[in-house]
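Structure first, then comments.
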There are 2 protein chains.
Amino acid sequence: MERQGEHEIAEGSAPRGRSAKSGHRPPQRRVTTATVIYDELYEAIVNMHLAPGTPLQEKALTQQFGVSKTPVREALIRLSEDGLVDIFPQSGTFVSHVPLSAIPEAQVIRLALEDTAIKRTAEIATVADIAQLDAKLASQRMLADIGDMDAFHAADEAFHEAIALIAGYPSIWKLLRQVKVQINRARRLTLPVAGRMHQVIGEHEIIREAIARHDVEAAREAMQSHLNVVIPDLARLRVAHPDYFV
Amino acid sequence: MERQGEHEIAEGSAPRGRSAKSGHRPPQRRVTTATVIYDELYEAIVNMHLAPGTPLQEKALTQQFGVSKTPVREALIRLSEDGLVDIFPQSGTFVSHVPLSAIPEAQVIRLALEDTAIKRTAEIATVADIAQLDAKLASQRMLADIGDMDAFHAADEAFHEAIALIAGYPSIWKLLRQVKVQINRARRLTLPVAGRMHQVIGEHEIIREAIARHDVEAAREAMQSHLNVVIPDLARLRVAHPDYFV
DNA sequence: CGGTTTTGACATACTAGTATCTTAGTGTAT
DNA sequence: ATACACTAAGATACTAGTATGTCAAAACCG
């Protein structure tokens, strides 16, 4: 009972080229069919709805999305640059396995970048900024109660994103997103334990307080220990899902 | 007198899929036509052989490279993700302007990542590693004497890459490459002053010595001041090349 | 004559089909 | 029985052509 048209893109409903005219030289935001497919597959892979090793055939995807090969192909290429799919030329394309060996380095990078961001945020955050953090925290609390893991993790990301943006470092956030991808995939294999989620929220609250007090060192330490806790027990995961990793 | 076939890719000469069979699951290295075009355009843009604002038409590029639209298109998409070209949907594609406003943040990121790398390198570098650094330094000295700017900058990159790799942080180097792109473009507008090149080499030598002594703090400070010097005088560049920046 | 509308050339986004490479399976010879 | 060569199926990489949106210049109207 395969519902091939499940993800079908409504024909002509996507207003692609959103009037990029304006003044002089506006940075373009391409909203193409390829982008839609990329986003959908990205979410599915990061949320582990598509298991590592799953084959992704161009032909099958064109049918599922109801489009031609080119946009599918572009989406797969971008995903391969993110390390989320492996393309074997003229052979096959598969959802990538989580590279355990790369996770320690990703963690080191993450520490360095988040430290840079929170240092600055703790220095310059305004009351409006704090209010914004509180809003994210509130929504994260609600999602933890509901137990919606996908949304909870998205809110978690949003909190860290907000810190980077308050610091005035949007590029740092883009890099972090890129670096954390494999870590997040591993995290998604941990069971949704309510206690763990509230623990994460508690750590976020400590960070928020330190920022509000403009206590740079306290904020850094709170972030540091938060990040060191967040990393999942890789050895255990590996045993539980042996063929998800390499 | 336009030599359209200048960059033409020799037909069938590129061994694309390099036997990715082997044991079980080898990470693939795609050597496709699209990759070749990407690399060539990448170098041309970063070395400022293609000025910001230059239009890059798919059609013209297909003729220059003697290939079809798809590989050209893929190369342009990848370049746009690197921030090296701006694609205006259904309108046109151009070599991007150097975003002056993003350079300070890039510098901050660079400092954080290079600091992480050199810290570890200074701790664990072996005599073989030091020898490798010396080799890079020697070639950089030679290229400075010759005055080959492109090669000199490539060797400069290689020195920093070596430090990251000795630390065991290949991903950090990948990120640095990505982050430094716009900084490098700005640097390329500085005139090839021999004194400046030898100054850079001198700073590299100080770093090398600190690593060899396993003096972590000295190495970090040397790197720090090296990176702070390397940044070009943006205000002056902007005056000299007003329409290369945004 | 100034401002608005229209129109058409043009560039990218997409569709469709072909070519090439990989790889597993089969058969044969050693 | 094992190792090698051949064959054929299948998937991506590429070619070629169509569709669609953009932008600017010309035409039109007030």
Side-chain angles (χ1 to χ4, degrees), chain A residues 8-38 53-80 85-95, chain B residues 8-38 53-80 85-95:
Chain A
E8 188 136 359
I9 296 171
E11 324 175 24
S13 73
R16 282 199 294 269
R18 55 176 55 192
S19 59
K21 45 177 303 189
S22 81
H24 184 50
R25 185 174 291 110
Q28 75 292 354
R29 230 310 159 270
R30 296 186 299 146
V31 182
T32 64
T33 309
T35 305
V36 174
I37 297 171
Y38 169 83
T54 305
L56 294 176
Q57 294 184 18
E58 278 185 6
K59 191 180 171 190
L61 291 173
T62 58
Q63 290 172 355
Q64 283 177 22
F65 285 97
V67 298
S68 185
K69 279 174 288 190
T70 300
V72 170
R73 180 173 168 67
E74 287 173 8
L76 290 176
I77 289 171
R78 287 185 56 192
L79 289 168
S80 81
V85 311
D86 288 331
I87 299 177
F88 298 87
Q90 262 95 11
S91 174
T93 301
F94 307 88
V95 177
Chain B
E8 188 137 358
I9 296 170
E11 322 174 26
S13 73
R16 280 200 295 269
R18 54 177 56 189
S19 58
K21 45 177 303 190
S22 83
H24 184 50
R25 185 172 289 108
Q28 75 293 356
R29 229 310 158 271
R30 295 186 299 145
V31 183
T32 64
T33 309
T35 306
V36 175
I37 297 172
Y38 169 83
T54 304
L56 293 177
Q57 295 184 19
E58 277 185 6
K59 191 180 171 191
L61 291 173
T62 58
Q63 290 172 354
Q64 282 177 23
F65 285 96
V67 298
S68 185
K69 280 174 287 189
T70 300
V72 169
R73 181 174 167 66
E74 287 173 8
L76 291 177
I77 289 172
R78 287 186 57 193
L79 289 168
S80 82
V85 312
D86 289 330
I87 300 177
F88 297 87
Q90 262 92 14
S91 173
T93 301
F94 307 88
V95 176

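Labels below follow one simple rule: chain letters A, B, ... track the order of the sequence lines, proteins then strands, and each chain is numbered from 1. Just so it is clear, the values below take in all heavy atoms, side chains as well, and ignore hydrogens, waters and symmetry mates. Keep in mind it's a predicted model, so treat the numbers as computed, not measured.
Ser91(B) has no side-chain polar atom (N or O) that falls below the 4.0 Å cut-off from OP1 or OP2 of dA11(C). At least one side-chain nitrogen or oxygen of Arg73(A) sits closer than 4.0 Å to the OP1 or OP2 atom of dA13(D). An OP1 or OP2 oxygen of dT12(D) is reached within less than 4.0 angstrom by a side-chain nitrogen or oxygen of Thr93(A). A close approach under 4.0 Å does occur between a side-chain nitrogen or oxygen of Gln57(B) and OP1 or OP2 of dA11(C).
For Gln90(A), whose side chain is taken as the heavy atoms from C-beta onward, the closest listed nucleotide among dC14(D), dT12(D), dA13(C) is dT12(D). Taking only side-chain atoms of Pro71(B), from C-beta outward, the nucleotide of dG17(C), dT15(D), dA13(C) with the closest atom is dT15(D).
Ile37(B) CD1 to Arg78(B) CZ: the interatomic distance, rounded to the nearest 0.5 Å, is 11.5 Å. The line from OG1 of Thr32(A) to CD1 of Ile87(B) is 9.5 Å long, rounded to the nearest 0.5 Å.
Between Glu74(A) atom CD and dT15(C) atom C1' the separation is 13 Å, expressed in whole Å. Atom OH of Tyr38(B) is separated from atom P of dC14(D) by 16 Å (rounded to the nearest Å). One atom, CG of Leu79(A), and another, P of dT12(D), lie 14 Å apart when rounded to the nearest Å. Protein atom NZ of Lys69(B) is 9 Å distant from nucleotide atom C1' of dT12(C), rounded to whole Å. A straight line from CD of Glu58(A) to C1' of dT18(C) spans 14 Å, rounded to a whole angstrom. The distance between atom CZ of Phe88(B) and atom C1' of dT20(D), rounded to the nearest whole Å, is 19 Å. Residue Ile77(A) contributes atom CD1, which lies 9 Å from atom C1' of dA13(D) at whole-angstrom precision. The CG atom of Leu61(B) sits 14 Å away from the P atom of dT15(D) (whole-angstrom rounding).
Residue contacts for Thr70(B): at a heavy-atom cut-off of 4.0 Å it reaches a base atom on one of the strands shown. Across all strands, Leu56(A) comes closer than 4.0 Å only to sugar-phosphate atoms, never to a base (heavy-atom distances).
For Thr70(B), the side-chain contact (heavy atoms from CB on, under 4.5 Å) partners two or more places apart in sequence, or in a different chain, are Arg73(A), Glu74(B).
Sorted pairs that involve residues 60-71 of chain B and meet salt bridge (Lys or Arg N to Asp or Glu O under 4.0 Å), not counting sequence neighbours, are lacking altogether.
Side-chain N/O atoms of Lys59(A) and base N/O atoms of dG10(D) include no donor-acceptor pair closer than 3.5 Å.
Between Leu76(A) and Leu61(A), some side-chain heavy-atom pair lies under the 4.5 Å cut-off.
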